[in-house]
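Single-structure report; data block below.
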Amino acid sequence: MRSRLLAGLRRLVAALFAEPLQSLRAEQRKLREGQTEMRLLLRRLEEAVSSRSSGASGDGKPRKAGGATSRVPLIVEAAPAGETSPPAVSTVPPQIAVLDACPVCGHGVYTQVCEYNKFFLLDHCPDDASARYDYAMCHRCGVTFARRRPIGERYQYLVDRFEETIGRVTAGEAMHGRLTSRPTLTDAQRAELQARAAGGVFVSEHLGVPGSQQLPALFRDRMGNSHHIELLTSLLALRSPRVLELRPRFGAIGAGLKRAWQADVWGLPLFENQQLLNREVYGHRVDQLLDYDDFSIPYEGQFDLVVANHIITHAVRPKQVLSTLASRLNDGGYAYFYNEPDDAEFLDENQSMFNVLNAFHLQTFDRPSLLRALGAFGFEPVFVAHDRGNLVVLARLARGHESLTPMSEAAVAERLAKYSVARDMAILRVPERRRPVFADEWPKIVERAFLAGRIEMGSDGKPRVKRAAEAPAED
């Protein structure tokens, strides 16, 4: 009986999607016919860019800014087969690292779970290779990582176009954004930012000070980060600690710790505007900027507390980040990680995996995976919670007690099954111009989603993804 029912459903799905599939397959044939020519053209363009790039030395070895040789293998590849946009002349630096092991725990067994990042959905994309990250899940720690990732000058290229890269603005639009959204500043912008910040954080509305003569972002930062100060000062009792903030926004957390503990606050902001405001408004020591690609702490001495904002998700070399933090904290010191996205956002909450994983999301994890990763470097959890969907972890460094209990086979299978469903649902949500990439597997994806009750057929014969409240609950 069940086999006849499944056969009938397959015939129904095939009938409903016969015409759309014919169109998709026709588009795919066109793509395949031009594939060889596209690869040859892209290879010639990459060779031309590479020869002009200051990131390559005369001996052909990859170089980082400042002349140091990269520690991540450099492999420059043509765009993967199946891309839908033609190659265009580009000045994007070519450096892409391709990993053969987990960048957190070093384990070499993993399963690919997602090919694309958010660039796949956007109209603007630096080049064909930018959208392909080949995310894989480690079978030991459970962290999902981008096997293909930008490094060196290519990574810096994306940072310099931060708002475009994460999809907040279209190409070129970021140049017209607010002063607090600019990664770099001109002399005139720097002077304006200093003048507007001089009024301080609390500029009362009843005074009628025009917005152009104040900086409301300082007040929003103070209020928006006050819960982090509440958490830290409630759980810890430190006296005049030396604190390092990684990627502070405008300095509110460090300022709160100064008031509560008389903390000596140092920082590594991501952008120049944040560096200026941390220094001018709060007097924090922020002599250097954060380098996600080749992380280091360019200040002398040890620290009692590290406050790290959105660090592990973005780190090009997360093992280097965590080992450096462990070496620069006093034994028994603390690390506070916040704004680390939980992959439940797309595994359990019906969001598109392609849309959530922007080009800076090089690692993603759930709570157990993140705690395994931290434990491997001696960080023992003190307090773990979720804040607006993101993971928050306060951990204590127990040097000499590094440990990582590998995932069980059952846990690996369960997590991979969730990723399989999330990929199917992300594909069903892609715009029609991207669907030819998945033409071969489209019928099976539709069938799986239909039988599981995750989609329904619209009046136009096209699948409609059910809202979270409509979809059946998982067992």
Side-chain angles (χ1 to χ4, degrees), residues 39 42-43 45-47 49-51 53-57 59-81 83 90-120 125-138 140-141 143-162 165-166 270 290-296 310-324 357-365 373:
R39 286 202 297 265
L42 182 59
R43 190 174 296 116
L45 289 170
E46 287 176 338
E47 289 171 354
V49 171
S50 182
S51 66
S53 172
S54 61
S57 64
D59 59 7
K61 295 180 180 179
R63 301 291 181 187
K64 290 179 59 64
T69 303
S70 171
R71 289 191 291 275
V72 173
L74 177 65
I75 303 176
V76 180
E77 297 185 343
E83 294 294 345
S90 172
T91 57
V92 183
Q95 297 95 335
I96 294 175
V98 182
L99 309 185
D100 60 4
C102 174
V104 176
C105 73
H107 193 55
V109 180
Y110 51 80
T111 298
Q112 183 166 307
V113 293
C114 178
E115 306 95 318
Y116 300 107
N117 62 38
K118 190 172 183 176
F119 270 137
F120 182 69
C125 187
D127 61 11
D128 289 329
S130 296
R132 188 73 183 251
Y133 272 21
D134 288 344
Y135 289 97
M137 194 200 86
C138 175
R140 184 170 182 248
C141 68
V143 171
T144 296
F145 60 96
R147 288 194 59 233
R148 295 168 49 86
R149 56 183 57 200
I151 61 172
E153 292 180 358
R154 186 181 184 92
Y155 190 86
Q156 188 59 47
Y157 176 95
L158 297 177
V159 172
D160 291 342
R161 294 156 181 80
F162 188 85
T165 298
I166 64 175
L270 184 58
L290 175 67
D291 186 351
Y292 271 121
D293 179 41
D294 188 9
F295 178 80
S296 66
H310 209 36
I311 292 297
I312 303 173
T313 298
H314 282 208
V316 175
R317 301 172 178 84
K319 186 174 183 179
Q320 179 176 329
V321 171
L322 291 170
S323 61
T324 300
L357 296 174
N358 71 53
F360 289 120
H361 284 209
L362 303 180
Q363 284 77 226
T364 185
F365 27 71

Checklist line | Spacing of CD1 belonging to Ile96 relative to CZ belonging to Arg148, to within rounding of 0.5 Å | finding: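 Nearest 0.5 Å value for the CD1-CZ distance: 4.5 Å.
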Could you state the interatomic distance from OG1 (Thr144) to CG (Leu362), rounded to the nearest 0.5 Å?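 Separation between the atoms: 12.5 Å.
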Please, which pairs that meet salt bridge (Lys or Arg N to Asp or Glu O under 4.0 Å) have at least one residue in [range], sequence neighbours excluded?
range            : answer
residues 105-118 : Glu115-Arg423
residues 95-108  : none
residues 102-111 : none

Those residues that, when tested against [X], pass ring-ring contact (aromatic ring centres under 6.0 Å, His included) (two or more places apart):
X      : answer
Tyr292 : His314
Phe145 : Tyr110
Tyr135 : Tyr133

Legend entry - Note, Arg149 side chain near Val98 side chain (heavy atom, < 4.5 Å):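 No, their side chains stay 4.5 Å or more apart.
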Just so I know, are the side chains of Gln363 and Pro103 near enough to count as touching, which here means a heavy-atom distance under 4.5 Å?
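SC-SC contact between Gln363 and Pro103 confirmed.
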Provide the closest heavy-atom pair for Ala131 versus Cys125 in the form atom of the first, atom of the second, distance.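 For Ala131 versus Cys125, the nearest heavy atoms are N-SG, 4.2 Å.
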For the student: nearest non-hydrogen atoms of Asp293 and Gly152, plus distance:
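Answer, listing the atom of Asp293 first, then Gly152: OD2-N, 3.0 Å.
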For this session: Under the side chain to side chain donor-acceptor pair (under 3.5 Å) rule, collect the residues that match up with Thr364, sequence neighbours excluded.
Result: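 Applying side chain to side chain donor-acceptor pair (under 3.5 Å) to Thr364 gives none.
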| request: Using side chain to side chain donor-acceptor pair (under 3.5 Å) as the criterion, list what pairs up with Thr111, not counting sequence neighbours. | output: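 Thr111 satisfies side chain to side chain donor-acceptor pair (under 3.5 Å) with His139 only.
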Applying side-chain contact (heavy atoms from CB on, under 4.5 Å), can you list everything that pairs with Arg161, at least two apart in sequence or on another chain?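 For Arg161 the side-chain contact (heavy atoms from CB on, under 4.5 Å) partners, ignoring immediate neighbours, are Tyr157, Glu164, Thr165.
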